[in-house]
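Single-structure report; data block below.
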Amino acid sequence: MSAPQGWYDAGTPGRQRWWDGVQWTAHERTAPPTAPSMGWYQVPGTTDVRWWDGVIWTPYRVRKGKPRPDALAVEPPAVGLVLGIVFFILAMLQLLAAVITQSPGNFALPVVLMSIAVIWVLGAAHTRAVRRLPAPQSAAVVDDSVQPLPGEVDGPDAGWYPVTGQASRWWTGSRWTWYLGTRFGPRPGHAGPRGYLTSMIVGWCVAGIAVIGLVVAVAGSIMEQGLVTGFMIVFGVIFAVLFGGLGAFALLLTRARRNAMLLPTTPPPLR
């Protein structure tokens, strides 16, 4: 059976010849570059060693001998943009409440919320810029700090095993690696323990803001009723419900992703 028509190796390095399905033709072209396999590579023109997932650069690099996410890592970038808009709207609402109540203390929260909005937008822009860097041009960097890599096998039943509903982790056959399989592609998870602790702290801090909102609402309800106390009650309830929900969501999500952020303590299948 004849091979289907298409471009095939012309026998000359870097060149391809067109096969019309029956015979070779005179048409040749330069073979398109093939993307390097996933791994740690030096970014062209820099000294950075960054994780290449086989398709794009990711916001993970080796710093001080350890694989870590960038300070402004946001994947996908669109999420950072959406969250930036959400926190901007919250900041404007809180600023409106501060202007109406004319309480100096109420002007602090809008500044915090606006700062968070700016951080999310900057993170989205940073990750988008990383993705546009030139593809790797040198050999992969292999160091003890990044091993074992996904695909490495040192025992039976090696492979990807689900650890959460949306992520899997590579099992070498004898131990778990820090690498996760996500819907964005393979990603290093070496910073998982620190991320787990940070997420728990953030979740409780957000829940604390909800408590403050509840206190403001209660204070407004027991004070002499007027326009100011009315706004205190309304905005206090809004912030209590909103931040209470966000705090609970953050804490429950962190707990659900425990095996994705921390190394599982049992071999696959997870028990």
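The side-chain hydrogen bond (donor to acceptor under 3.5 Å, both in side chains) check on His190 picks up nothing, with sequence neighbours excluded. With sequence neighbours excluded, the residues that form a ring pair (Phe, Tyr, Trp, His ring centres under 6.0 Å) with Phe239 are Phe243. Under the side chain to side chain contact (heavy atoms under 4.5 Å, CB included) criterion, Asp144 pairs with Gln147, sequence neighbours left out. Partners of Ser115 under the side chain to side chain contact (heavy atoms under 4.5 Å, CB included) rule, at least two apart in sequence or in another chain, are Val111. The salt bridge (Lys or Arg N to Asp or Glu O under 4.0 Å) check on Glu152 picks up nothing, with sequence neighbours excluded. Partners of Trp204 by ring pair (Phe, Tyr, Trp, His ring centres under 6.0 Å), not counting sequence neighbours: none found.
Contact record, Thr164 with Ala260: CG2-CB, 3.7 Å, taken as the closest heavy-atom pair. Looking at every heavy atom in both residues, Arg258 comes nearest to Tyr196 through NH1-OH, 3.1 Å. The minimum heavy-atom distance linking Trp171 with Pro267 is given by the pair CH2-CB, 3.6 Å. Taking both residues in full, the closest heavy atoms of Pro44 and Pro134 are given as CD-O, 3.7 Å, listed atom of the first, atom of the second, then distance. For Leu180 against Trp160, the heavy-atom pair with the smallest separation is C-CZ3, 3.6 Å. In this structure, Pro148 and Thr177 approach most closely via the heavy-atom pair CG-CG2, 3.5 Å.
Using modelled atom types and a 3.5 Å distance limit, the side chains of Asp53 and Thr58 yield no donor-acceptor pair.
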Residues 75-97 side chain polar contacts: donor-acceptor under 3.5 Å, at least two apart:
{"from": "Glu75", "atom 1": "OE1", "to": "Arg187", "atom 2": "NE", "distance (Å)": "2.9"}
{"from": "Glu75", "atom 1": "OE2", "to": "Arg187", "atom 2": "NE", "distance (Å)": "3.2"}
{"from": "Glu75", "atom 1": "OE2", "to": "Arg187", "atom 2": "NH2", "distance (Å)": "3.0"}

Can you list, pair by pair, the side-chain donor-acceptor contacts under 3.5 Å of residues 245-257, counting residues two or more places apart and other chains?
{"from": "Thr254", "atom 1": "OG1", "to": "Ala250", "atom 2": "O", "distance (Å)": "2.7"}

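Checked by atom type and distance alone, the side chain of Arg17 never pairs as donor or acceptor with a backbone atom of Tyr8 at under 3.5 Å. Thr198 contributes no side-chain N or O that, together with a main-chain N or O of Gly195, makes up a donor-acceptor pair within less than 3.5 Å. Formation of a donor-acceptor pair under 3.5 Å by the Thr127 side chain with backbone atoms of Val74 is found in this model. Here the side chain of Tyr179 pairs a donor or acceptor atom with the backbone of Val146 at under 3.5 angstrom.
Tracing side-chain contacts under 4.5 Å through hydrophobic residues (I, L, V, M, F, W, Y), one reaches Val62 starting from Trp51; they form part of the same cluster. In the hydrophobic clustering of ILVMFWY residues, with side-chain heavy atoms under 4.5 Å counting as a link, Val163 and Met261 come out apart. One hydrophobic cluster holds both Leu149 and Met38 under the rule that ILVMFWY side chains link at heavy-atom gaps under 4.5 Å. Linking Ile, Leu, Val, Met, Phe, Trp and Tyr residues whenever their side-chain heavy atoms come within less than 4.5 Å places Trp120 and Val206 in a single cluster. Note on Ile116: it does not cluster hydrophobically with Val121, by side-chain heavy-atom contacts below 4.5 Å among ILVMFWY residues.
Taking the six-membered ring for Trp and thresholds of 30 and 60 degrees, Tyr161 and Trp176 have ring planes more than 60 degrees apart, a perpendicular arrangement.
Atom CZ of Arg175 sits about 13.0 Å away from atom CH2 of Trp170, to the nearest 0.5 Å.
The 12-atom threshold is not exceeded at CD of Gln166, counting heavy atoms of other residues, nucleotides or ligands nearer than 6.0 Å.
Here salt bridge (charged side-chain N to carboxylate O under 4.0 Å, His left out) pairs that include residues 188-199, with residues two or more places apart or in two chains, number zero. Residue pairs meeting the ring pair (Phe, Tyr, Trp, His ring centres under 6.0 Å) criterion with at least one member in residues 56-81, sequence neighbours excluded: Trp52-Trp57. Sorted by first and then second residue, the salt bridge (charged side-chain N to carboxylate O under 4.0 Å, His left out) pairs with a member in residues 58-74 read Asp48-Arg61, Arg50-Asp70, Arg61-Asp70; sequence neighbours excluded.
Side-chain contact between Trp178 and Pro193 is present, with at least one heavy-atom pair separated by less than 4.5 Å.
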Subject >> Check against side chain to side chain contact (heavy atoms under 4.5 Å, CB included), Asp9 and Gln16 >> reply: CA-CA 5 Å; Asp9 183 14; Gln16 292 180 330; 5.8 Å; no
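Cluster partners of Ile201, by chain and number: Leu197. The rule joins Ile, Leu, Val, Met, Phe, Trp and Tyr whenever side-chain heavy atoms lie under 4.5 Å apart.
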